[in-house]
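Below, all heavy atoms of this structure are taken into account, side chains as well, without hydrogens, waters or symmetry copies. Lettering of chains follows the sequences in order, A, B, ..., and the numbering in each one begins at 1. In this text the structure is predicted, and so the values were computed from the model without any measurement.
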There are 2 protein chains.
Amino acid sequence: MTRDEGLGRRDRKKRQTRAALAAAALRLVAERGLDQVTVEEIAEAADVSARTFFNYFATKDDALVGDTAGDRDRVLRALAAVPAQVPALAAIRSALAGVIDEVEGDAALWLLRMQVVMQHPMLLARLVSGNATTEQAMVEALAARTGHDPDDGYPALVVAVTGAALRTAMVRWATGGGSRSLADLLDEAFAAVAAGLPDPRTPDRPGATAPGVHRTR
Amino acid sequence: MTRDEGLGRRDRKKRQTRAALAAAALRLVAERGLDQVTVEEIAEAADVSARTFFNYFATKDDALVGDTAGDRDRVLRALAAVPAQVPALAAIRSALAGVIDEVEGDAALWLLRMQVVMQHPMLLARLVSGNATTEQAMVEALAARTGHDPDDGYPALVVAVTGAALRTAMVRWATGGGSRSLADLLDEAFAAVAAGLPDPRTPDRPGATAPGVHRTR
DNA sequence: AACAAAAATGCAGTGCCTGCAAACTTGCGC
DNA sequence: GCGCAAGTTTGCAGGCACTGCATTTTTGTT
């Protein structure tokens, strides 16, 4: 899964247990549905006690959506590394590159995850929108980049909108079974947003709309 | 609250009980925090049994976010009423007018609601994003309007992005204590989206950016 | 007043999640 | 190898959200 080179046996085993729990949770919920699977069953499938499950995940849902916190930090660091003169949308798009790569690298896991998550809107919201802390951090990072007052409204709007774009791209990616590259789908969504979401059916200037937005495949 | 003219005493009392439960829930949670308030306490404050609470709301959260289903239907009907040649963004903006009016009409209730909801991202996501059914319905309605294949991606992107815009507008509205009109804030957000979220600090063409997006108040 | 539909309630039960304390495992210096 | 300290797993008791079912109470109608 994720890199686990420079770690002692102890931490390696922890990662292993965590992954086993997440995998068991995804498999069982995909088979039976969220409320037809108990934490006890998940723990059993991963060969640990039910109590131990809660040493790894605060809630049953957390085992399904995966480790969002780690990704967040990476995105924030990537965003800080983008030169300040890059426009906001492009900067965020490039900051997301690392996460996108990881998702496409673990395609099987993520397709299963999306399949599960898409059947439970509560989970879907948590997958991208994550927690308020993260979103707040993104807003502040963006405000710092563009020299805005964080209360301004603009940074918050950009973060919310790009989050929505990411969400729809991932849903589309999963719906198509991963046949189209997630990076492409995300580029398309960002291009459409940058163009102001023109109606592809009645473009003001036929050549000026975002390329590919209305292509089905 | 909402109109209750042509109803017998029975339904009037039901509405009353429902409103009392929601109000009690909001007040108590605002005072103490979500997990410091039990359903039993909410029910007690509304002078009904705990079991009765669940006859009105499926979950504790539902008492806090209010009746989303009713609003949805209204938005969908309003969207269907907008002439098909109106561009997607403008159509959605005008379909939201009814809900906006209702929110501003009950400003005190909604400001309290937002105050509570903003402290629990789980609730915030549910407030606008609602359930998948609604979002799906919006996507289909939009696809029908624009003559798109619903799997196209464009309608889903527009619905997700406008939802994000609505969410940020409501947060801003509540953060400002309702000092700026919600309709204004929403117009601003939609204008920024329609303009492709230009960075207000370095606009391509100074006069062409969305008006007011970077004004603090 | 009598009746039927609707609503409120109590009760038992499941499952998520937490704190605590007791076992157990692991890494490390000797 | 031995023992110690730190980290991990586990069981247990308990609180709370939520559900299904049966019973009682209220309400609108005849």
| query | Is any side-chain N of the basic residue among A:Glu41 and A:Arg32 closer than 4.0 Å to the acidic one's carboxylate O? | reply |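 Yes, this pair counts.
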| said: Applying a 4.0 Å non-hydrogen cut-off, can you work out what B:Tyr56 is touching in the nucleic acid: base, sugar-phosphate, or nothing? | reply: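 Sugar-phosphate contact only.
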Which residues satisfy the salt bridge (charged side-chain N to carboxylate O under 4.0 Å, His left out) test with [X], sequence neighbours excluded?
X: A:Arg77; result: none
X: B:Glu44; result: none
X: B:Arg167; result: A:Glu135
X: A:Asp62; result: A:Arg126

| request: Take B:Glu140 and B:Gln136 through the side chain to side chain donor-acceptor pair (under 3.5 Å) test and state the conclusion after the steps. | output: CA-CA 6 Å; B:Glu140 276 162 21; B:Gln136 188 60 25; 3.3 Å; yes
| field | Contacts of type ring pair (Phe, Tyr, Trp, His ring centres under 6.0 Å), residue B:Phe57, not counting sequence neighbours | value |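 B:Phe57 satisfies ring pair (Phe, Tyr, Trp, His ring centres under 6.0 Å) with B:Phe53 only.
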Strictly distance-based, threshold 3.5 Å: is any side-chain N or O of [X] a donor or acceptor partner for the main-chain N or O of [Y]?
X: A:Arg145; Y: A:Val86; value: yes
X: A:Lys60; Y: A:Val37; value: yes
X: B:Arg113; Y: B:Leu64; value: yes

For [X] and [N], give me the distance from atom [atom1] to atom [atom2], rounded to whole Å.
X: B:Phe53; N: D:dT19; atom1: CZ; atom2: P; result: 11 Å
X: B:Phe54; N: C:dT14; atom1: CZ; atom2: P; result: 18 Å
X: B:Glu44; N: D:dA17; atom1: CD; atom2: P; result: 14 Å
X: B:Gln16; N: C:dA7; atom1: CD; atom2: C1'; result: 15 Å
X: B:Met122; N: D:dA17; atom1: CE; atom2: P; result: 13 Å
X: A:Lys13; N: C:dT26; atom1: NZ; atom2: C1'; result: 10 Å
X: A:Glu40; N: C:dT18; atom1: CD; atom2: P; result: 16 Å
X: B:Ile42; N: D:dC18; atom1: CD1; atom2: C1'; result: 13 Å

| query | Just wondering, are more than 12 heavy atoms of other shown residues or ligands nearer than 6.0 Å to CD in B:Glu104? | reply |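 Enclosed.
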Filtered N/O pairs between nucleotides 4-7 of chain D and protein, under 3.5 Å:
{"unit_1": "D:dG7", "atom_1": "O4'", "unit_2": "A:Arg10", "atom_2": "NH2", "d": "3.4"}

| Going through the checks in order, is the salt bridge (Lys or Arg N to Asp or Glu O under 4.0 Å) test met by A:Arg180 and A:Glu188? | CA-CA 11 Å; A:Arg180 284 196 58 189; A:Glu188 220 174 89; 2.7 Å; yes
| Taking the side chain of B:Val48 as heavy atoms from C-beta outward, which of D:dT8, D:dT10, C:dT9 is closest to it? |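 Of the candidates, C:dT9 comes closest.
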| Atom pair OG1/CG of B:Thr162 and A:Leu197 - distance to nearest 0.5 Å |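 Reported to 0.5 Å precision, the distance equals 8.5 Å.
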| task | Return the residues of residues 58-67 of chain A meeting this criterion: a heavy atom under 4.0 Å from some atom of DNA chain C. Order them by number, or give none. | result |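 Going residue by residue through residues 58-67 of chain A, the ones with a heavy atom under 4.0 Å of DNA chain C turn out to be A:Ala58, A:Thr59, A:Lys60.
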| said: Does A:Asp149 form a side-chain contact (heavy atoms from CB on, under 4.5 Å) with A:Tyr154? I'd like the steps, not just the answer. | reply: CA-CA 9 Å; A:Asp149 189 334; A:Tyr154 173 76; over 6 Å; no
| request: With sequence neighbours left out, write down each residue that passes side-chain hydrogen bond (donor to acceptor under 3.5 Å, both in side chains) with A:Thr175, or none if nothing qualifies. | output: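 Checked A:Thr175 against side-chain hydrogen bond (donor to acceptor under 3.5 Å, both in side chains); zero matches.
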| message | Run the side-chain hydrogen bond (donor to acceptor under 3.5 Å, both in side chains) test against B:Asp187 and tell me which residues pass, sequence neighbours left out. | response |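 By the side-chain hydrogen bond (donor to acceptor under 3.5 Å, both in side chains) rule, B:Asp187 matches B:Arg93.
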| message | Using a strict heavy-atom distance below 4.0 Å, which residues from residues 25-39 of chain B are in contact with DNA chain D? | response |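 The answer is B:Val37, B:Thr38, B:Val39.
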Taking N or O atoms only and anything under 3.5 Å, show me the protein contacts with nucleotides 11-15 of chain D, one pair per line.
{"unit_1": "D:dG11", "atom_1": "O6", "unit_2": "A:Arg51", "atom_2": "NE", "d": "3.3"}

| task | Can you pull out how bent the helix from C:dA1-D:dT30 to C:dC30-D:dG1 is, comparing the axes over its first five and last five pairs, to 10°? | result |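 It works out to 10° between the end axes.
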